[in-house]
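As structure tokens, the structure follows; a few thoughts come after it.
Proteins come first, then strands; the chains are lettered A, B, ... in the order of their sequence lines, and each starts at number 1.
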Amino acid sequence: MANVEELNELMRVRREKLNELRQKGIEPYGEKFERSNYAQEIVDNFEKYDGQQVKLAGRIMAKRGHGKACFANLQDVSGTIQIYGRLNDLGEEAYSMFEKLDIGDIIGLEGTVFKTRRGEVTVSLTGFVILSKSLRPLPEKWHGLKDVDLRYRQRYVDLTVNPEVRSTFVIRSRIVREIRNYLDKLGFLEVETPMMHPIAGGAAARPFITHHNALDMDLFLRIAPELYLKRLLVGGFDKVYEINRNFRNEGISTKHNPEFTMLELYQAYGDVEDMMEITENLISSVAQKVLGTTKIRYQEQEIDLTPPWKRLPMLEAVKQYSGLDFNSITSAEEARNKAKELGLEIEGHESWGDVLNIVFEEFVEPKLIQPTFVLDYPVEISPLAKRKKDNPGLTHRFELFIYGREMANAFSELNDPIDQKQRFEKQLEKRNAGDDEAHMMDEDYIQALEYGMPPAGGLGIGIDRLVMLLTDSPSIRDVILFPLMRPRD
RNA sequence: GAGCCAUUAGCUCAGUUGGCAGAGCACCUGACUUUUAAUCAGGGUGUCCCAGGUUCGAGUCCUGGAUGGCUCACCA
């Protein structure tokens, strides 16, 4: 415990009050308290509760003393209600204790519902108990806690004083629940696959490395669940999904947190078309259920999530926004030269598909504000996707963009074990050339495919980014309760 | 990883040309039995992010560092 000498006055005074309570034989850290109601339901249904006796519990958020009477605001998970204590009703001892409550103290109370002459629904106290004495002052009632550093490091304070923050995380919870409802209704089975992988597969990303002592082996925190979920298709499950964390050892930005939540789902005997249908129906119905509309605002921009969404082949998109027609570019070298002419940074080892993707990211991505499926990604950057029959350089794959951001990625799954093995070998070449984000070889996954995996559609949706979109949050940190921060000191 | 910006009381923020460290809320004392950003009277509670430097004198100028934010890079 901190030395009282070192505490500032605000904290010293609170500790003194704590000691006073103990000296009077009152325990300032109480036990179970049975509530009859929540604050908001009383405020919203005054007629029903007028004159009724209620029991509430929550945190004191404001106090207005008037000598022999005192108003305060009590905040519980539902909202805030005014409470009112009078000397006449409480008696001298209890009233004096009520007057000495600090903002931040947690109490349980009993009282009668009434409306003040100014029309505010209020509970007039007949008794109360201190359930937790607060020893630190909360931020200011009017401006709340603004310092983003403190907001993320002390999310408990942020949640206490900034109601919109609480609301964001309530919405996040509802979004995830609606996604589960939606998929469950379609007959998908929710599964859990390993978070610790001997081989980091399913995505192009740098993994976190950890170590298992008893087995004396290094393990990777998963960068994607994909290869495990598809092993389940081999095993005979035909509709599976997982909503869970992925970990990528990469930069942090407003759109990237080292751990983030992904939905991945796989549907046997389906394809990329089915995934498009699921994506637009899932996201629009979640928006409808959670927000009550499919027309949303994100950062002052109107976004219409009403299906069907625009579908745009990548080659067409690139041609439209950059003027480059990759249909008529046949060699990687020609592609690299054309990209250089557009002022793009080209290192010299890029394949045709790499260049196409670079041009796409530079010229097209930021323009895709309304929901857009970009179709037919080049095979070089899609090592787990099925090739198009009529153009084996492209794959049956889409990425969904909203507000210029990648929101989803899906394809018809590659189930040809021989092609898959060759794709992994291509990735290994990239790895050996120094690309530590290229895919690793996963022999067991190849073996699984050799047993036979049904053709399937697979889909990944970044939950954090979806929540950002639906809660109008500018930073991914606003939708992650405890984003990764450097430790202080 | 690079550039720009920020860091002053518990919180939100001022701080002029380099000249005694400020306000509002919160807090403390007193008044007040339907107030509501309650009001009225009084009280300033501080490692000016840290370490150096310049200067008679630094919150302010310079150098280095820490943390955070934004942009870029990275991240399909």
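A cation-pi arrangement is present between A:R397 and A:Y377, with the terminal nitrogen or guanidinium carbon under 6.0 Å from the aromatic centre and inside a 45° cone about the axis.
By the side chain to side chain contact (heavy atoms under 4.5 Å, CB included) test, A:S351 pairs with A:D354, A:E380, sequence neighbours left out. Considering only residues two or more places apart in sequence or on other chains, A:S134 meets the side chain to side chain contact (heavy atoms under 4.5 Å, CB included) condition with A:R14, A:D105. Residues that satisfy the salt bridge (charged side-chain N to carboxylate O under 4.0 Å, His left out) test with A:R64, not counting sequence neighbours, are absent from this structure. Under the side-chain hydrogen bond (donor to acceptor under 3.5 Å, both in side chains) criterion, A:E20 pairs with no residue at all, not counting sequence neighbours. With sequence neighbours left out, the side-chain hydrogen bond (donor to acceptor under 3.5 Å, both in side chains) criterion links A:R136 to no other residue. For A:E425, there are no salt bridge (charged side-chain N to carboxylate O under 4.0 Å, His left out) partners at least two apart in sequence or on another chain. Scored by the side chain to side chain contact (heavy atoms under 4.5 Å, CB included) test, A:L10 finds A:N8, A:P137 as partners (sequence neighbours excluded). Evaluation of the salt bridge (charged side-chain N to carboxylate O under 4.0 Å, His left out) rule for A:D442 yields A:R231 as partners, not counting sequence neighbours. Taking the side chain to side chain contact (heavy atoms under 4.5 Å, CB included) definition, one finds that A:S322 meets it with A:V318, A:L324, A:L342, A:V359, A:F363, sequence neighbours left out.
The same atom, C1', is picked in B:A9 and in B:G44; the two are 8 Å apart, to the nearest Å. For the C1' atom pair drawn from B:A41 and B:G18, the interatomic distance equals 38 Å after rounding to whole Å. For the P atoms, the distance from B:G15 to B:G22 is 15 Å, rounded to whole Å. Straight-line distance between the C1' atoms of B:C13 and B:C48: roughly 13 Å, to the nearest whole Å. Comparing B:C61 with B:U67, their P atoms are spaced 23 Å from each other, to the whole Å. As rounded to the nearest Å, B:U71 and B:U47 have P atoms that lie 34 Å from one another. The P atoms of B:G46 and B:A38 are separated by 26 Å, rounded to the nearest whole Å. Taking the P atom of each, B:G19 and B:G57 are spaced 14 Å apart, rounded to whole Å.
Residue-level contact check: A:S253 touches neither bases nor backbone, having no heavy atom under 4.0 Å from any strand. Using a 4.0 Å heavy-atom cutoff across all strands shown, A:R151 reaches no nucleic acid atom at all. Using a 4.0 Å heavy-atom criterion, one finds that A:L138 contacts no nucleic acid atom at all. Here A:R136 lies out of heavy-atom contact (under 4.0 Å) with every strand. As judged by a 4.0 angstrom heavy-atom cut-off over every strand, A:L145 is placed among residues touching the sugar-phosphate backbone only. Contacts of A:E140 with the nucleic acid, taken as non-hydrogen atoms under 4.0 Å apart, include base atoms. Counting any heavy atom pair closer than 4.0 Å across all strands shown, A:R14 reaches no nucleic acid atom.
Distance CG (A:N249) to P (B:C74): 17 Å, rounded to an integer number of Å. Computed from coordinates, the A:L74 CG to B:U36 C1' distance equals 15 Å when rounded to whole Å. Between the C1' atom of B:C27 and the NZ atom of A:K100 lies a distance of 15 Å, rounded to the nearest Å. A:F260 has its CZ atom 14 Å from the C1' atom of B:C74, to the nearest Å. Rounded to an integer number of Å, the gap from A:R15 CZ to B:G10 C1' is 14 Å. Going from atom CD1 of A:I83 over to atom P of B:U33 covers 19 Å, rounded to whole Å. Following rounding to the nearest Å, A:R12 (CZ) and B:A26 (C1') show an atom-to-atom distance of 15 Å. The CH2-C1' distance, from A:W142 to B:C13, rounds to 16 Å in whole Å.
A:K338 has its side chain out of reach of A:F326: every pair of non-hydrogen atoms, C-beta onward, lies at least 4.5 Å apart. Annotation: side chain of A:V479 is in contact with side chain of A:T168 (closest heavy-atom distance under 4.5 Å).
Side-chain atoms of A:V13 lie closest to B:C28 of the nucleotides B:U71, B:U33, B:C28. The side chain of A:R153 sits closest to B:G68 out of B:U12, B:U33, B:G68.
The phosphate of B:G69 (OP1 or OP2) has a side-chain N or O of A:R477 nearer than 4.0 angstrom. In terms of phosphate contacts, A:R486 brings a side-chain nitrogen or oxygen within less than 4.0 Å of OP1 or OP2 of B:G68.
With A:R59 contributing its side chain and A:G104 its backbone, the two residues share a donor-acceptor pair below 3.5 Å.
The residue among A:K17 and A:P137 whose nearest nucleotide of RNA chain B is located toward the 5' end is A:P137. Heavy-atom nearest nucleotides on RNA chain B were determined for A:L101 and for A:E362, and the one closer to the 5' end corresponds to A:L101.
With pairs defined as Watson-Crick or G-U wobble and both atom distances under 3.5 Å, the stems of at least three pairs that touch RNA chain B come out as B:1-7 with B:66-72, B:10-13 with B:22-25, B:27-31 with B:39-43, B:49-53 with B:61-65.
Of all heavy-atom pairs spanning A:R477 and A:P483, the tightest one is CG-CB, 3.7 Å.
Near RNA chain B, defined here as any heavy-atom distance below 4.0 Å, the residues from residues 103-121 of chain A are A:I103, A:F114, A:T116, A:R117, A:R118, A:E120, listed numerically.
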Where protein sits on nucleotides 38-50 of chain B, one letter per nucleotide: B base, S sugar-phosphate only, - none, heavy atoms under 4.0 Å:
B------S-----

